[in-house]
Amino acid sequence: MKFTLENTCSNSEARAGVFKTAHGDIETPIFMPVGTAGSVKGVHIKELKEDVKAQIILGNTYHLYLRPGMEVMEAAGGLHKFNGWDKPILTDSGGFQVFSLGDIRKLTEEGVKFQSHIDGSSHMFSPENSMNIQRSIGADIIMAFDECTPGDAPYDYAKKSMDLTHRWLDRCYAQLEKVPPKYGFEQSLFPIVQGCVYPDLRKQAAKHIAGYNSDGIAIGGLAVGEKEETMYEMIEVVNEVLPEDKPRYLMGVGTPVNILEAIDRGVDMFDCVMPTRNGRNGMIFTQKGIINIRNKKWESDFTPVDPDGTSYVDHQYSRAYLRHLIISKEMLGAQIASIHNLAFYLWLTNEARRQIKNNTFKAWKEAIIPQLKNRL
RNA sequence: GGGGAGAUACCAAAGUGGCCAACUGGGGCGGACUGUAACUCCGCUGACUUUCGUCUUCGUAGGUUCGAAUCCUGCUCUCCCCA
């Protein structure tokens, strides 16, 4: 088993642990910056390591398959070699695109036919070629090819969708048996618990997924339109069933508050585009609350971006300057905001880990959440 | 000196008798964004009003008309061309 549980809390389901990979250890709880096309948008690897303190980043099967394509990827020797990130990488399977590409795709038992958002060309994703592609990319953690069920799906659809995800999972495993890793290290497949907003389906999915000999388990299909309370309830239902000795990855979540609430309910890993995408659009997350840096009130605020911040950009630049850059659509603005937000997210999960080890997580969480919700 | 063009909201720029408080950009203000088709998208931007609506606007002063940013006349200003 690659995961070691180090601490649990007496008054919370929160856990601290370590996940071992061929490219280094991941200390949980952890936030994983999203690097869809092989880069965390606007952030250099040096900054990811030294300022953000990222331990693992994501890549995306769909995007990398379309560009640069697997021929280049394999010639490079995999994504680690290609982008120069020598720490752990996780790739999503393209399953989320099945959901987000909306009307330019068609779902069948075989897989998903979709049109490239780049040139409109037709392609097919299936459990088999998603695994093939993820072998070629060569991430340490790879994701099962699933259908990310929409949050407002009716029960019958959600059930069928879940069953399809389960059948696809068997095909994922079968394909990985056929095609060995390409770059001399092992890849861990994380299966995904679906079930939409229906507790009995979630429970059923969790039991089903727990039956596989995986290194970790993902919870998918949340934060896709349902209420936050519903999301928390689903996490509770699922984690009640999942084995303690495997890391639990809540896919695509979320706000700082979402993350703490999920950690409190026993989740270990997170990824989300929010710190980078929202950062580019002017949203700055801090311990004291959320700043919309485009607002006029920051026009002449020459204090640091975040006095409590852990990265150098927080102290190097002022809020007024960052506002100017974002409003002027200067690239540097997006970079500063991304580095700051990612550093904040990493601080948040690392501090949660520290509090868990100290058995003070619950009180700390209750105290900081009202602050995190503030609008500054 | 002669000839020509034009003055529209913060800026630029449509509109040339009723569908005009006035297209569209930009700027300004606010909001959204959760396994990234995203340096993107959505509102508002004359005044008062929650809405309905009311009032004051298209250089300026008059006029024609049931009705004018749009037609006519005077005035002021700007720009271009030729001397």
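Residue numbering restarts at 1 for every chain, and letters A, B, ... go by the order of the sequence lines.
Nearest to the side chain of A223(A), among rA37(B), rU34(B), rC29(B), sits rU34(B). Distance from the side chain of K296(A) is smallest to rG30(B) among rU34(B), rU36(B), rG30(B).
Rounded to whole Å, atom P of rA37(B) lies 16 Å from atom CG of D119(A). Whole-Å rounding puts the I259(A) CD1 to rU34(B) P distance at 14 Å.
For rA69(B) and rA13(B), the C1' atoms lie 14 Å apart once the distance is rounded to whole Å. With P as the reference atom, rC55(B) and rG59(B) are 22 Å apart, rounded to whole Å.
Across all strands shown, R67(A) has no heavy atoms under 4.0 Å from either base or sugar-phosphate atoms. Counting non-hydrogen atoms under 4.0 angstrom, I327(A) reaches the backbone sugars and phosphates but no base. Nucleic acid contact for N60(A): sugar-phosphate only, since backbone atoms but no base atoms lie under 4.0 Å from a heavy atom of the residue. Contacts of L90(A) with the nucleic acid, taken as non-hydrogen atoms under 4.0 Å apart, are absent.
Partner of V40(A) under the side chain to side chain contact (heavy atoms under 4.5 Å, CB included) criterion, out of N83(A), I57(A), L58(A): I57(A) alone. The only member of Q187(A), H80(A), K20(A) that meets side-chain hydrogen bond (donor to acceptor under 3.5 Å, both in side chains) when paired with D140(A) is H80(A).
Using a 4.5 Å heavy-atom cutoff, the side chains of P243(A) and K246(A) are in contact.
Screening residues 83-94 of chain A for salt bridge (Lys or Arg N to Asp or Glu O under 4.0 Å), with sequence neighbours left out, gives K49(A)-D86(A).
Against RNA chain B, the stretch residues 272-289 of chain A makes heavy-atom approaches under 4.0 Å through C272(A), V273(A), M274(A), T276(A), R277(A), N278(A), R280(A), N281(A), M283(A).
For D146(A) against rG35(B), a side-chain N or O and a base N or O form a donor-acceptor pair under 3.5 Å.
Here K296(A) pairs with E299(A) under the salt bridge (charged side-chain N to carboxylate O under 4.0 Å, His left out) rule; sequence neighbours left out.
In this pair, F361(A) and W364(A) present their aromatic rings tilted. The plane angle is within the 30 to 60° band.
The two residues F3(A) and E244(A) make their nearest non-hydrogen contact at CE2-O, 4.4 Å.
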